[in-house]
Amino acid sequence: MARSIDAILAEVADRLEWAQVRFKEAKDSGLKVVGLYCGYIPFELVRAAGAIPVSLCGNDANAIPSAEVELPRNFCPLIKSSYGLAITDTCPYFHFADALIGETTCDGKKKVFELLGKLRPVHVMQIPYDKNVPGALERWAEEMARVAAFLTEITGIEPTPERLAAEIRYENDIRRVLQRIVRTFERRVPSLTWTQMLSVRSLTDFVVDRAPYLALIEELAEAVELADAAAADAAQSPLPRLLITGSPMSPETNKVMRLAEDSGALVVAHDACSGTKMFDRLVDEDGDPFAALTRFTLDIPCACMSPNDGRVELLRSSVAVYGVEGVIDTVWQACHTFNVESVIVQRACREELSLPFMKIETDYSSADEGQLRTRIEAFVEGMC
Ligand code: SF4
Ligand code: SF4
């Protein structure tokens, strides 16, 4: 008998909770684990080199005080949490990591990778910040080749074009299923909330064996499609439709999304790295897989890019596809790239798309929840 959406989501939560055990089993069987901190580092390449990729972006506020002993207090909470978890050895995924791959997306991370290099072998990929400058694609292709060589040193396995092509097809299959699931948010009454979807997407970052994960999200896609079809004649939802953009969040650091849903908004789009940004496109499966992956990753519209026209293009298309009626831009404290880019997002929302817009700069603590709740409630009320 087909399972309910709630039953499938309970299994997602269960797998997230037990993922560390799968990583321990993988390590015990001799597999290498490689920790990553950003979507510019493709999972496909790590797997093609025979290692298991895992996201090490910190989401634990409790790890921050330890990091603040060495790092500035006025600093991105995501970086502080990541670093605190590493130096206190309180993150099982960092504990299991044989090596780390970093990137120069922002100054804070770039410098912290120097410190993390004391704990694990680290390779840092140098990001070309303007993809339109002649030679940017070639430089990024060289970075791909350098990181492929680093991975081969760790695992002894070369990520050949054949192995990489197979991994691209697998990751694309996952992206296709996630695309099917988020189509529910095009409806007036979606069958999921975005806080639930955040957990579903987040699980992709902690998977050793992808076959059961793919089967689970396929089951969810089918259940959601069934529920959507059954609710075809449901009454129109009067809830205001909100897009949450900005810095990535996790199920543990989603306070803005949670408060927005509590305030009566229907969050129908989340175009950050923790949302659709990492699966709304597919890697080209025809031709040279290294070239296809190089192109795909260079086109990620992150605020570290300058200019970053893709961010507003993605916003425009999300607004159109999901019928968005208001936008909240979430910026982690002291994140200069997302903070400054917020002005561009604000102009696009207010001047071009005629949408209400609000920026929220916050951190991982709950100290500002009361104040945020008041602001978000007022914003949502204004959308009605
Ligand atoms: S927001 Fe930018 S730096 Fe952060 S994970 Fe996404 S691509 Fe990487
Ligand atoms: S949120 Fe901003 S400061 Fe923090 S890691 Fe991402 S880009 Fe860097």
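Both counts, for ligands and for their atoms, begin at 1 and track the order of listing. Worth knowing before you read on, the calculation uses all heavy atoms, side chains too, and leaves out hydrogens, waters and symmetry mates.
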Distance flag, aromatic centroids of Phe23 and Phe206, threshold under 6.0 Å: no
Exam field: side chain Ser318 to backbone Asp271, donor-acceptor pair closer than 3.5 Å: no
Polar protein atoms near atom 8 (Fe) of ligand 1 [N, O or S; cut-off under 2.8 Å]: Cys38 SG
Heavy-atom donor-acceptor pair, Thr204 side chain to Val200 backbone, under 3.5 Å: no
Proximal atoms of ligand 2 relative to Trp332 (non-hydrogen, under 4.0 Å): 1 (S)
Derivation and outcome, side-chain hydrogen bond (donor to acceptor under 3.5 Å, both in side chains), residues Lys255 and Thr362: CA-CA 9 Å; Lys255 105 183 130 179; Thr362 184; 2.9 Å; yes
Lys/Arg cation over aromatic Phe296: Arg281, 6.0 Å, 45° cone: yes
Salt bridge (charged side-chain N to carboxylate O under 4.0 Å, His left out) assessment of Arg169 paired with Glu44: CA-CA 9 Å; Arg169 284 195 295 276; Glu44 288 93 332; over 6 Å; no
Lys277 and ligand 1 - part of the residue with a heavy-atom distance under 4.0 Å: neither
Contacting atoms of ligand 1, where contact means under 4.0 angstrom from a heavy atom of Phe338: 1 (S)
Stepwise side-chain contact (heavy atoms from CB on, under 4.5 Å) test for Leu45 and Phe290: CA-CA 9 Å; Leu45 195 53; Phe290 277 95; 3.8 Å; yes
Plane angle bin for Trp194 and Phe185 - parallel if under 30°, tilted between 30 and 60°, otherwise perpendicular: parallel
Distance from atom 2 (Fe) of ligand 2 to nearest protein heavy atom, with residue and atom: Cys335 SG, 2.3 Å
Residue and atom name of the nearest protein heavy atom (relative to atom 8 (Fe) of ligand 2), distance in Å to one decimal: Cys106 SG, 2.3 Å
Shortest protein heavy-atom distance from atom 4 (Fe) of ligand 2, along with the residue and atom involved: Cys76 SG, 2.3 Å
Row check, Tyr322 ring normal vs Arg241 NZ/CZ: under 6.0 Å, within 45°: no
Heavy-atom nearest neighbour in the protein, as seen from atom 6 (Fe) of ligand 2, with distance rounded to 0.1 Å: Lys109 CE, 4.6 Å
